[in-house]
Every structure is written in C-alpha cells, then in structure tokens.
S.K.: 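The structure that follows is given in the form of structure tokens.
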Amino acid sequence: LPGNLPTSPTMGTNPVAVVLAVFNFVLNLIGLMAAVILVIAGIRLIFSQGDEEGKDKAKKTILYAVIGLLVILFARAIIGLSTTLTWLGL
C-alpha cells in the first residue's frame, strides 16, 4: 500500500518506523479481510431465503466481522496514541 511503508533512507534505518509500517500494513490487510467477510455474510443472509439456520450463521458472521473491525479500530488507536506519546517523549 503506497505511503505506509518507509520510503526515505532515514526511515528505513529506524527500526521503530519499520515496525510501525509493518503493523499498519497488517492492520490494513486484516481490516480488508474483515470487510470482505462482512460483504460475503450479507450476501449469504440475502440468499438464505428464509432458512433459519442459514440466517443465523450469516448473522453470527456479521456480528463477528463487526467485532473484528472494532478490535482493529481500537488497535489502530492504541498504536497511534503510543506512537504520539513516544515521539513527544511522554
């Protein structure tokens, strides 16, 4: 993903910047996977055609995908906050 990986020579030698870039890349990838799972679960819900078992499975999948997206959001917030506090020296 453009802009997430360190591109300047000074950032490439900074291990903290590399670790943060890897974390951001992994969180982006997991977020994309959760969004795709959410869409697939929505399609399964639509095509369940009243089948209670299919509807329940799709609803559980949607719930778990939303929970996963919230976990990713909080992980991003924690990483951003810790990075800011580290760079400020607090």
S.K.: Rounded to the nearest 0.5 Å, how far apart are CD1 of Ile37 and CZ of Arg44?
M.R.: 10.5 Å

S.K.: Compare every heavy atom of Ala65 with every heavy atom of Ala34, then report the nearest pair and how far apart it is.
M.R.: O-CB, 4.0 Å

S.K.: Atom NZ of Lys57 and atom OG1 of Thr61: how far apart are they, to the nearest 0.5 Å?
M.R.: 8.0 Å

S.K.: Give a yes or no on whether Val26 and Phe23 share a hydrophobic cluster (residues Ile, Leu, Val, Met, Phe, Trp, Tyr; joining criterion: side-chain heavy atoms under 4.5 Å apart).
M.R.: yes

S.K.: Would you say Val19 ends up clustered with Ile72 if hydrophobic residues are merged whenever their side chains have heavy atoms under 4.5 Å apart, either directly or through other cluster members?
M.R.: yes

S.K.: Is Leu20 reachable from Val22 through a run of I, L, V, M, F, W or Y residues, each pair having side-chain heavy atoms under 4.5 Å apart?
M.R.: yes

S.K.: To the nearest 0.5 angstrom, please state how far the CZ atom of Phe74 sits from the CD1 atom of Ile79.
M.R.: 14.0 Å

S.K.: Nearest 0.5 angstrom please: Ile78 CD1 to Thr83 OG1, how far?
M.R.: 11.5 Å

S.K.: Starting at CG of Leu27, measure out to CG of Leu32 and round the result to the nearest 0.5 Å.
M.R.: 12.5 Å

S.K.: Where do Ala41 and Ile62 come nearest, in terms of heavy atoms and distance?
M.R.: CB-CG1, 3.5 Å

S.K.: Start with the C-alpha gap between Leu69 and Leu73, add the side-chain angles, then the distance that decides, and say whether side-chain contact (heavy atoms from CB on, under 4.5 Å) holds.
M.R.: CA-CA 6 Å; Leu69 285 171; Leu73 178 68; over 6 Å; no

